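Worksheet for the structure shown next.
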Amino acid sequence: MRALNALLHKKYFNTQVIGDDMESYLKDSIKSIVDASATNENISISYSGGKDSTAVLLLTLELIEGGALEPHNVSVIHSDTLIEYPYLATLTHSVLDSVRELGIRVDVVSAPIQERFYSTLFGVGRPIPSYAIRWCTDFLKLRPQQRQRKLLKNSWVLTGEHFGESANRDKKLSSCGTSDCGVADIKKTVSSENLLRPIMNWSDCNVWDFIFLHDRWNIFERLTSVYSISGDDNRNSKTGSLRTGCIACPVIGVNKHYHTLDKGVPDELSLKLRLLFNEMSSDNLRVRNPKFGITEMKKNGHTPLGAIALEARKYYWRVVSQINDEFKDLGILLIREDEKLFVEESLNIGRYPKTYKPESILLLEQEWQIRKPVYLSK
């Protein structure tokens, strides 16, 4: 407790610098992490490379240096999607290298071949990710970390989620209860994990201020530039919350892919790939979801749709392969060789998601011919 009190009285915790509200939030954050470590010694930080997880990481390092945590009881896990913009990937891995030098365990994990983005999209036929269908987050980020954490038993998992990022996330966080969401309130079982959101009550401004005051790796300007590049033209880069991490992310609007050169990909190339994803999001490219009968309708009157049809995937695989060659010419690894082999094998054998029975696939594709775009027949 003496080490904790010393941290709370450091000069950069002065209310004249951070404000009364932030001082209160900071004390709550520190207490939540220290209390968690007291009940369970191991702390595992989920690090994405974004501003929020960076703030959590910096706060944890301050606690280690203040003697409130032991470095051997702390680990950092990063899910490498393998499709991050080069600038972001370089920045993230430079931070992870610095953390390793402090004697802290760092695990970088990624999805198996069959669950990577291009393998799943073209090889299996899962639809283009959207706000409603975000299988990419599950496959590329959550599952790899969950698999790794099974090896780190009895760990508290620290994430950077906080209010003010989006209306949907605020609603999700509000489900924790009406209290301050301390350790007891936000304890959640996910594969036997304990989930802790230490900065949940922070605002975006609080996050940026904390990173600025504790910038041990001189990354503040580089990190804010990422949000400036990804944000709207009228958004203040120092308080923005949007970070487009994956190359040509289809969940982010097309207009957010005009300024990507500073992230390592020429604007026109990033936009070309994003427009391809936009075209592939058409309902006319998808077969009926086999869970529903042909006469069953959604509330909006449309037949429930499932995977992208095999013929459509073959067509667009040829297109994306040409775009991939343009990336390769620039020295950017977009689609890896093992993914390419998986997709081509899958297209040859006619692979669909596992829930699709072989006897139903022929019928689904026959039904789809009615909605099939004309250009696929040329």
Side-chain angles (χ1 to χ4, degrees), residues 1-41 43-71 73-74 76 95 98-99 102 104 156-165 169-170 173-174 176-187 194-221 223-224 227 236 238-241:
M1 185 57 68
R2 184 175 301 173
L4 177 58
N5 289 332
L7 281 173
L8 293 175
H9 286 89
K10 276 191 174 182
K11 62 181 180 180
Y12 39 68
F13 287 172
N14 192 299
T15 56
Q16 293 180 352
V17 178
I18 62 175
D20 294 329
D21 289 342
M22 183 52 185
E23 182 183 32
S24 175
Y25 295 154
L26 190 54
K27 289 180 178 179
D28 289 342
S29 299
I30 291 174
K31 187 175 185 303
S32 69
I33 297 175
V34 173
D35 286 352
S37 66
T39 60
N40 188 329
E41 291 185 351
I43 295 290
S44 174
I45 302 170
S46 179
Y47 183 68
S48 68
K51 63 179 177 56
D52 304 318
S53 59
T54 296
V56 172
L57 176 59
L58 289 171
L59 176 58
T60 305
L61 294 180
E62 289 291 335
L63 292 174
I64 290 175
E65 292 188 352
L69 296 175
E70 294 293 335
N73 290 331
V74 176
V76 178
V95 169
S98 298
V99 173
L102 298 174
I104 296 172
W156 279 95
V157 179
L158 273 57
T159 71
E161 292 175 297
H162 65 90
F163 287 108
E165 295 179 90
R169 180 158 288 185
D170 283 359
L173 292 178
S174 294
C176 292
T178 57
S179 68
D180 291 334
C181 276
V183 173
D185 295 313
I186 65 176
K187 184 176 180 182
N194 295 320
L195 182 63
L196 182 62
R197 304 180 180 102
I199 65 169
M200 189 168 67
N201 291 317
W202 294 22
S203 67
D204 278 337
C205 289
N206 294 150
V207 170
W208 285 122
D209 288 345
F210 189 83
I211 295 174
F212 178 79
L213 293 169
H214 299 263
D215 187 10
R216 60 177 65 212
W217 303 303
N218 296 317
I219 64 169
F220 179 78
E221 291 297 332
L223 194 57
T224 54
Y227 287 81
N236 185 330
K238 299 298 184 293
T239 59
S241 62

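Computed from a predicted structure; not experimentally measured. Residue numbers start at 1 and run along the sequence shown.
Here the straight-line distance linking atom OG of Ser32 with atom CG of Leu59 works out to 8.0 Å at 0.5 Å rounding. Between Trp208 atom CH2 and Asp52 atom CG the span is 8.5 Å, to the nearest 0.5 Å. Separation of atoms OH (Tyr25) and CE (Met200) is listed at 11.0 Å; rounding is to 0.5 Å. To the nearest 0.5 Å, the span separating CG on Leu195 from OG on Ser46 amounts to 9.0 Å. How far CZ of Phe220 is from OG1 of Thr54: 11.5 Å, rounded to the nearest 0.5 Å.
Exactly one of Val74, Asp28, Leu63, Ile199 qualifies for a side chain to side chain contact (heavy atoms under 4.5 Å, CB included) with Ile33. That residue is Leu63.
Applying the side-chain hydrogen bond (donor to acceptor under 3.5 Å, both in side chains) criterion to Ser53, with sequence neighbours excluded, gives Ser48. Residues passing the side-chain hydrogen bond (donor to acceptor under 3.5 Å, both in side chains) test with Ser29 are Trp202, sequence neighbours excluded.
When all heavy atoms are compared, the tightest approach of Leu58 to Ile211 is CD1-CA, 4.0 Å. Shown here for Thr159 and Pro198, the closest heavy-atom pair between the two residues is O-CD, 3.5 Å. Scanning both residues, Lys51 and Val207, for their nearest heavy atoms gives O-CG1, 3.6 Å. Here the closest non-hydrogen pair linking Trp217 and Leu57 is CH2-CD2, 3.8 Å.
Ile43 places none of its side-chain heavy atoms less than 4.5 Å from the side chain of Leu196. A heavy-atom distance below 4.5 Å is found between the side chains of Leu26 and Phe210. Taking the side chain as every heavy atom from C-beta outward, Asp215 and Leu223 never approach each other to under 4.5 Å.
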request  = Decide side chain to side chain contact (heavy atoms under 4.5 Å, CB included) for Val56 and Thr60; before the verdict, give the C-alpha distance in whole Å, the side-chain angles of both, and the deciding distance to 0.1 Å.
outcome  = CA-CA 6 Å; Val56 172; Thr60 305; 4.2 Å; yes
ask   = Between Ile64 and Ile104, is a side chain to side chain contact (heavy atoms under 4.5 Å, CB included) present by the stated rule, with each step listed?
value = CA-CA 10 Å; Ile64 290 175; Ile104 296 172; 3.7 Å; yes
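Side-chain N/O atoms of Ser203 and Asn206 include a donor and acceptor closer than 3.5 Å.
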